Amino acid sequence: MDIWRGFNDVPKNLGKTVVTIGVFDGMHRGHKTLLAAATDRAQELKLTTVLLTFDPHPLAVLRPDKMPPLLGTVTHRAELAAAEGIDHMFAMTFNADMAQLSPEEFFTKILLDTLNAHVIVVGENFTFGHNAAGTTETLAELGEKYGVEVNIQRLLIDDGSTVCSTLIRQLLADGKITEANCALGRTFKVRGEVVRGAGRGGKELGFPTANLYFPESVALPKDGVYAGWLRIVSDAPIEGNMSQGVNYAAAISVGHNPTFGDSRRSVESYVIGRDADLYGHTVEIGFVDYIRGMEKFSDVEELLDAIRNDVTLVHKALETHGMETP
């Protein structure tokens, strides 16, 4: 998939398109209904599809104090959108100038002049333009004025709740990983480069972990231990009995390390039954089920007993829920 980062990246000879618009953080099941509507209409009209998203998140510019932790990166959005059949992504830089555009200016400058929109697909809660003054009704009026088809999709309701990024963040914060995965329609994952931690996991405990560290701007499940998997996604040679592109069962610890006084928030994965040097490798961690909360143990032996029990529970959880196929 092409990712256009600026106006100059968009081809000047871009033909008529079907455009769907939104932040698409997490690319959950509700988002997929928009993508399906866009790709279906594009196939009917033999047009290409464009996903218009924003980087940074508009709240990072307009209300940084209200900025939520993100469920995924722009690159991750693009990967998931491509898997749903979207042809191109325009990750438009959102800044103060963009925020000042009126709804009609946004429509003409971005959707018509830049993306050559023939059809626009949005959710029923879509707003746009300065102070979010444009609504779906505004969009429909502009579509009629400029001869553009506007397709408004109902929000996805599941078990009485609207499937949205806010819901998924709350489920993660509550440790309800299976419910979050259901709303996402896939396994919640994080990706990062394995770095050196305190070194106690392998040296002192016999349970070496692949350690990732994340800023507060990245959404993570609540502190605790989870069943899941680790997959190596980088291409460099690996020393040990692991290979790229394979999901390996893992006991995953999220949070600080209260026993050893580590103040950094981390995702530490013990890959069960495997031994490899993963330092410097990029890995993806998938969260499948919640095992227990974070605890502070009185001594190392008590911690070791807990880890052994965690491994047993991880096996049971993965037998119940299964692991995503790479």
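This chain uses plain numbering: 1 for the first residue, then up along the sequence. Just the heavy atoms: all of them, side chains too, but no hydrogens, waters or symmetry mates, feed the values below. The structure presented is a predicted model; accordingly, all values stated were derived computationally and were not measured.
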> For Glu79, does the CD atom have more than 12 heavy-atom neighbours from other residues, nucleotides or ligands under 6.0 Å away?
Replying inline: yes
> Judged by atom type as modelled, is there a donor-acceptor pair below 3.5 Å linking the side chain of Thr49 to the main-chain atoms of Asp87?
Replying inline: yes
> Which pairs, with at least one residue in residues 242-255 and sequence neighbours excluded, count as a side chain to side chain donor-acceptor pair (under 3.5 Å)?
Replying inline: Arg231-Asn247
> Would a distance-only check, ignoring hydrogens and angles, find a side-chain to backbone donor-acceptor pair under 3.5 Å from His118 to Val18?
Replying inline: no
> Under 4.5 Å between side-chain heavy atoms, hopping through other hydrophobics if needed: is there a path connecting Val61 to Phe24?
Replying inline: no
> Can you pull the side chain to side chain donor-acceptor pair (under 3.5 Å) pairs that have at least one residue in residues 150-164, sequence neighbours excluded?
Replying inline: Arg29-Asp158, Glu124-Arg154, Asn151-Gln153
>> Counting only heavy atoms not in Lys189 (residues, nucleotides, ligands), do more than 12 fall under 6.0 Å from its NZ?
In response: yes
>> For Glu104 and Ser102, which I'm curious about, is there any donor-acceptor pair between the side chains at under 3.5 Å?
In response: no
>> Considering only residues two or more places apart or on different chains, which pairs with a residue in residues 138-167 satisfy ring-ring contact (aromatic ring centres under 6.0 Å, His included)?
In response: Phe107-Tyr146
> Does atom CD of Glu301 have more than 12 heavy-atom neighbours from other groups under 6.0 Å away?
Replying inline: yes
>> Ring-plane angle category for Phe7 and Phe90, please: parallel below 30°, perpendicular beyond 60°, tilted otherwise.
In response: perpendicular
> Can you name the one residue among His31, Arg77, His57, Arg169 that meets side chain to side chain donor-acceptor pair (under 3.5 Å) with Asp25?
Replying inline: Arg169
> Among the clusters formed by ILVMFWY side chains lying less than 4.5 Å apart, do Ile86 and Val19 turn up in the same one?
Replying inline: no
>> Looking at Ser234 and His281, would you say the former's side chain and the latter's main chain have a donor-acceptor pair under 3.5 Å?
In response: no
> Is it true that a side-chain atom of Glu324 and a backbone atom of Thr187 form a donor plus acceptor pair closer than 3.5 Å?
Replying inline: yes
> What orientation do Tyr270 and Phe207 show, parallel under 30°, tilted 30 to 60°, or perpendicular over 60°?
Replying inline: perpendicular
>> Cation-pi check for Tyr279 against Arg196: NZ or CZ below 6.0 Å from the six-membered ring centre and within 45 degrees of the axis, yes or no?
In response: yes
>> Membership question, hydrophobic clusters at under 4.5 Å side-chain separation (ILVMFWY): are Val254 and Leu171 in the same one?
In response: no
> Can Asn95 and Thr93 be counted as having a side-chain donor-acceptor contact under 3.5 angstrom?
Replying inline: no
>> Test: salt bridge (Lys or Arg N to Asp or Glu O under 4.0 Å). Region: residues 36-58. Which pairs qualify, not counting sequence neighbours?
In response: Arg5-Asp55, Arg41-Glu44, Arg41-Glu149
>> For a 4.5 angstrom cut-off between non-hydrogen side-chain atoms, does Leu278 reach Leu230?
In response: yes
> Which pair of heavy atoms, one from Tyr226 and one from Ile291, lies closest together, and at what distance?
Replying inline: C-CG1, 3.8 Å
> Within the side chain of Ser266, is there an N or O that forms a donor-acceptor pair under 3.5 Å with the backbone of Asn211?
Replying inline: no
> Does Glu302 offer a backbone N or O that forms a donor-acceptor pair with the side chain of Asp305 under 3.5 Å?
Replying inline: no
> Restricting to pairs with a member in residues 172-184, which pass side chain to side chain donor-acceptor pair (under 3.5 Å), not counting sequence neighbours?
Replying inline: Gln170-Asp174
> Mind checking whether Phe94 and Val23 have side chains closer than 4.5 Å, heavy atoms only?
Replying inline: no
>> With a 4.5 Å cut-off on side-chain heavy-atom distances among I, L, V, M, F, W and Y, is there a chain of contacts connecting Leu112 to Val119?
In response: no
> Within the side chain of Asn241, is there an N or O that forms a donor-acceptor pair under 3.5 Å with the backbone of Arg274?
Replying inline: no
>> Check whether Thr20 reaches the backbone of Val121 with its side chain - one donor and one acceptor, N or O, closer than 3.5 Å.
In response: yes
>> Using a 4.5 Å cut-off between side-chain heavy atoms of Ile, Leu, Val, Met, Phe, Trp and Tyr, which other residues end up in the same hydrophobic cluster as Val233?
In response: none
>> Whether the side chain of Thr114 engages the backbone of Leu111 through a donor-acceptor N/O pair (distance < 3.5 Å, no angle test) should be reported.
In response: no
